[in-house]
Amino acid sequence: MDLSLMQRAYELARNGVGFTSPNPCVGALIEKGGIIVAEGWHKVFGGHHAEVNAINDLMKKSFVRTMEIDKTLFQNATLYVTLEPCCFHGKTSACTDLLIKAGFKKVCVGMKDPNKKVNGKGIKILQKHGIEVELLEDKVLIEKLRKLNQPFLKLMKFGMPYVTLKAGMSLDGKIATAKGESKWITSEISRKDAKNIRSQCDAVVVGGGTVKKDNPELGTTLKYKNKNLLRIVLDRDLSVPLDCKIFRDKNVFVACTDLASKKRKDGFRKSEIKFKSFGKKEVSIKKLLSYLGSIGIMSVFVEGGSITFSKFYDESLKEKNILDKIVFYIAPKIIGGTNALPVIAGNGIDNLKNTVRLRNFISEKSGNDIKVSGVLNFY
């Protein structure tokens, strides 16, 4: 296996970030005679897989005007693909069928697909039909491929979405003054960067108190501007007014509790706003995440505020695979005040030995702020 070619396939796969969920990001290329003759990646959920796009790219470059596979194009050709080819029919046909039909002599695979419908079966099918298969062994490149598809890997393993918690704060860890003023603590550059990260996710979570106070739109930006995120509100008693911006269309979901009155439930039903109870008095974050995973939500961006942050953090202290990534934007400002809102309150920890430590910690400039990020889990 030529590692530089698998590296190129990885770079192609990155083009799909934010568009393929609940499918993984996958890149593919075709090598023939020592050179790359075609490339492709999985561009959007429901669209052609990376292998199909690479095959179509070669046929197009070869001026093949029929949908039929010209096997002469693939003689002595090797396919590089970042993830094991699928072997079942879903939104699209099985890629293994197409690769066999094309007559590839060899397929280089970056990593096995953890989906129970695949998980090595795709490789075995190709080998059964005389195609040589080589699985990547380079640890550095394998880690890159796994890092790229952390949301997919978590969903496959635990049935829950990958959770990123983002907050903008002062140097002393406050997200609002004692009077609730919070616009704006961090710079415009930081806010734009956070919005871009949010846009790559499937859903954004915000507390009902934040909706009432800030009336956020929670939209998308840049190349994701036409993407419609699922907006999720944590609202115990369905008390958020239905004229808030977050209810501008039906792509919204409210996580409530049994405290919600019949009158409020009827109002939400009349407005066709989806809601569901996840506890008697408090929203169970674990139950909510399991539900989101069951409907194909692969990544969640937790936007705030302090109570919501605290719920996710405290739940992660009980169960490891709740919270996965932290992104904090820290402004060079000091707010102070006992009653000023901290980024995370809740119960927290009692002993320093139980401190939550981030891995792959990164600190970088973001305008006049500092952006710090790290992961709690690696799948």
Side-chain angles (χ1 to χ4, degrees), residues 13-26 41-49 90-92 148-152 154-155 159-166 168 191-208 210-235 238 240-256 267-276 278 283 285 288-305 308 312 324-325 327:
R14 292 177 62 187
N15 291 323
V17 171
F19 295 107
T20 65
S21 181
N23 286 350
C25 296
V26 183
W41 66 90
H42 186 33
K43 296 181 179 180
V44 64
F45 174 66
H48 290 313
H49 287 188
K91 285 280 185 180
T92 61
L148 176 65
N149 279 312
Q150 284 292 286
F152 176 71
K154 182 182 179 183
L155 185 64
M160 294 192 294
Y162 190 85
V163 179
T164 298
L165 190 153
K166 162 263 166 184
R191 297 196 299 275
K192 285 183 176 179
D193 185 66
K195 191 173 182 180
N196 185 46
I197 299 173
R198 175 214 295 166
S199 300
Q200 296 174 18
C201 296
D202 298 339
V204 55
V205 175
V206 68
T210 299
V211 174
K212 293 175 185 176
K213 175 179 170 293
D214 296 336
N215 196 19
E217 288 190 4
L218 301 179
T220 51
T221 189
L222 300 175
K223 66 179 182 179
Y224 306 102
K225 63 182 180 181
N226 295 321
K227 181 178 176 180
N228 197 4
L229 290 179
L230 176 63
R231 303 178 302 280
I232 301 169
V233 186
L234 303 187
D235 183 12
L238 297 181
V240 173
L242 289 170
D243 59 354
C244 288
K245 293 176 183 177
I246 202 164
F247 298 121
R248 62 185 178 274
D249 58 37
K250 300 300 184 290
N251 197 35
V252 62
F253 177 76
V254 183
C256 65
F268 273 68
R269 288 192 186 100
K270 187 176 180 180
S271 299
E272 298 181 351
I273 301 299
K274 297 184 292 291
F275 64 90
K276 182 177 173 65
F278 293 96
V283 173
I285 299 302
L288 171 61
L289 292 178
S290 294
Y291 170 76
L292 294 175
S294 73
I295 62 172
I297 298 298
M298 199 162 72
S299 55
V300 167
F301 190 79
V302 182
E303 189 88 1
T308 300
F312 274 85
D324 302 300
K325 187 174 182 178
V327 180

**Fill in**
Paired with Thr308, the side-chain contact (heavy atoms from CB on, under 4.5 Å) test is passed by just one of Thr210, Leu165, Leu234, Ile285, namely Leu234

**Asked** Do Phe152 and Tyr162 have their ring centres less than 6.0 Å from each other?
**Response** no

**Asked** At their closest point, which heavy atom of Val233 faces which heavy atom of Ile246, and how far apart are they?
**Response** CG2-CD1, 3.5 Å

**Prompt:** Could you go step by step and tell me if His49 and Asn23 meet the side chain to side chain contact (heavy atoms under 4.5 Å, CB included) rule?
**Reply:** CA-CA 10 Å; His49 287 188; Asn23 286 350; 4.1 Å; yes

**Message:** Strictly distance-based, threshold 3.5 Å: is any side-chain N or O of His42 a donor or acceptor partner for the main-chain N or O of His48?
**Reply:** yes

**Message:** Taking salt bridge (Lys or Arg N to Asp or Glu O under 4.0 Å) as the definition, give me every residue that meets it alongside Lys192, ordered by chain and number, with sequence neighbours left out.
**Reply:** Glu188

**Message:** So for atom CZ, which belongs to Arg248, do other residues, nucleotides or ligands contribute more than 12 heavy atoms lying within a distance under 6.0 Å?
**Reply:** yes

**Request:** Name all residues meeting the side-chain contact (heavy atoms from CB on, under 4.5 Å) criterion together with Asn15; count only those two or more places apart in sequence or in a different chain, and write none if there are none.
**Result:** Leu12, Trp41

**Prompt:** How long is the span from the NZ atom in Lys227 to the OG atom in Ser21, to the nearest 0.5 Å?
**Reply:** 7.0 Å

**Fill in**
When Tyr291, Phe247, Phe275 are each screened for ring-ring contact (aromatic ring centres under 6.0 Å, His included) with Phe253, the one that passes is Tyr291

**CG on Asp235 to SG on Cys256, rounded to 0.5 Å** = 7.5 Å

**Message:** Which residue is it: Leu289, Ile295, Asp202? I am looking for the one with a side-chain contact (heavy atoms from CB on, under 4.5 Å) to Pro161.
**Reply:** Leu289

**Message:** Between Asp214 and Lys245, does any NZ, NE, NH1 or NH2 come within less than 4.0 Å of an OD or OE carboxylate oxygen?
**Reply:** no

**Fill in**
The reported gap from NZ in Lys166 to NZ in Lys195 (rounded to nearest 0.5 angstrom) is 11.5 Å

**Asked** Would you say Phe312 and Val205 make side-chain contact, with heavy atoms under 4.5 Å?
**Response** yes

**Asked** How long is the gap from CG on Leu238 to CD1 on Ile273, to the nearest 0.5 Å?
**Response** 11.0 Å

**Prompt:** Which distance, rounded to the nearest 0.5 Å, do you find between the OG of Ser271 and the NZ of Lys250?
**Reply:** 7.5 Å

**Request:** Check Val240 against Phe268 and note the closest heavy-atom contact, atom names and distance.
**Result:** O-CZ, 3.9 Å

**Ser199 to Gly219 - nearest heavy-atom pair and separation** = OG-O, 4.3 Å

**Item:** Test item: Leu292 and Ile232 side chains (from C-beta on) under 4.5 Å apart, heavy atoms
**Value:** yes

**Message:** Strictly distance-based, threshold 3.5 Å: is any side-chain N or O of Asn251 a donor or acceptor partner for the main-chain N or O of Asn228?
**Reply:** yes

**Message:** Working to the nearest 0.5 angstrom, can you tell me the gap between Leu218 CG and Leu230 CG?
**Reply:** 11.0 Å

**Request:** Using a 4.5 Å cut-off on heavy atoms from C-beta on, say whether the side chain of Cys25 contacts that of Arg14.
**Result:** no

**Request:** Taking all heavy atoms of Met160 and all of Lys154, pick out the closest pair and write down the distance.
**Result:** O-CG, 3.6 Å

**Prompt:** What heavy-atom pair brings Val17 and Tyr224 nearest, and what distance separates the two atoms?
**Reply:** O-OH, 3.1 Å

**Item:** Flag, side chain of Asp324 to backbone of Thr164, donor-acceptor distance under 3.5 Å
**Value:** no

